[in-house]
Amino acid sequence: MPDSQARENYEAYEAKYRAVLEREHLGRFALMHNREVVNIYNDEGDAYSIGCEKFGVGKFSLQEIGAKPVHLGIMTAALN
């Protein structure tokens, strides 16, 4: 399921990758699949296009490196 892919990737980002990526790639975009960082991109659009091409829509996630989580209240449940 797409929402579980995003959730699992985010958990892996926080646990395994965040500190190093924020030191070395702040402001860039991590393409993640199956709890692993596949590659780092300067442009979100490039990362998204490559993710779609390699894995298919909804089967990967992007993480902006250094971005703080956005809390949307009730809308968070609707987006998941």
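What you see is a predicted model, and the numbers here were worked out from it, not measured in a lab. Residue indices begin at 1 and follow the sequence shown.
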Would you check if [X] and [Y] make a side-chain contact, meaning some heavy-atom pair closer than 4.5 Å?
X	Y	result
Phe29	Asn42	no
Ile50	Asn39	no
Leu21	Leu26	no
Asn34	Gln5	yes

What orientation do Phe55 and His33 show, parallel under 30°, tilted 30 to 60°, or perpendicular over 60°?
-> parallel

Determine yes or no for a side-chain-to-main-chain donor-acceptor pair under 3.5 angstrom, with Gln63 supplying the side chain and Met32 the backbone.
-> no

Arg35 and Glu11: CA distance, side-chain angles, deciding distance, salt bridge (charged side-chain N to carboxylate O under 4.0 Å, His left out) verdict = CA-CA 8 Å; Arg35 303 180 62 88; Glu11 290 169 0; 3.8 Å; yes

Is a side-chain donor-acceptor pair under 3.5 Å present for Tyr10 with Glu14?
-> yes

Indicate whether the side chain of Glu22 and that of Tyr17 have a donor and an acceptor atom separated by less than 3.5 Å.
-> no

Examine Phe60 together with Tyr48 and report whether their ring centres are nearer than 6.0 Å.
-> yes

Nearest 0.5 Å, what's the OH-CD1 distance between Tyr13 and Ile65?
-> 5.5 Å

Can you establish whether the number of heavy atoms outside Lys54 located under 6.0 Å from its atom NZ is more than 12?
-> no

Closest contact, heavy atoms only, Ser61 versus Ala6 = CB-CA, 4.0 Å

Considering non-hydrogen atoms only, spot the tightest contact between Gly51 and Leu31 and give its length.
-> CA-CD1, 3.8 Å

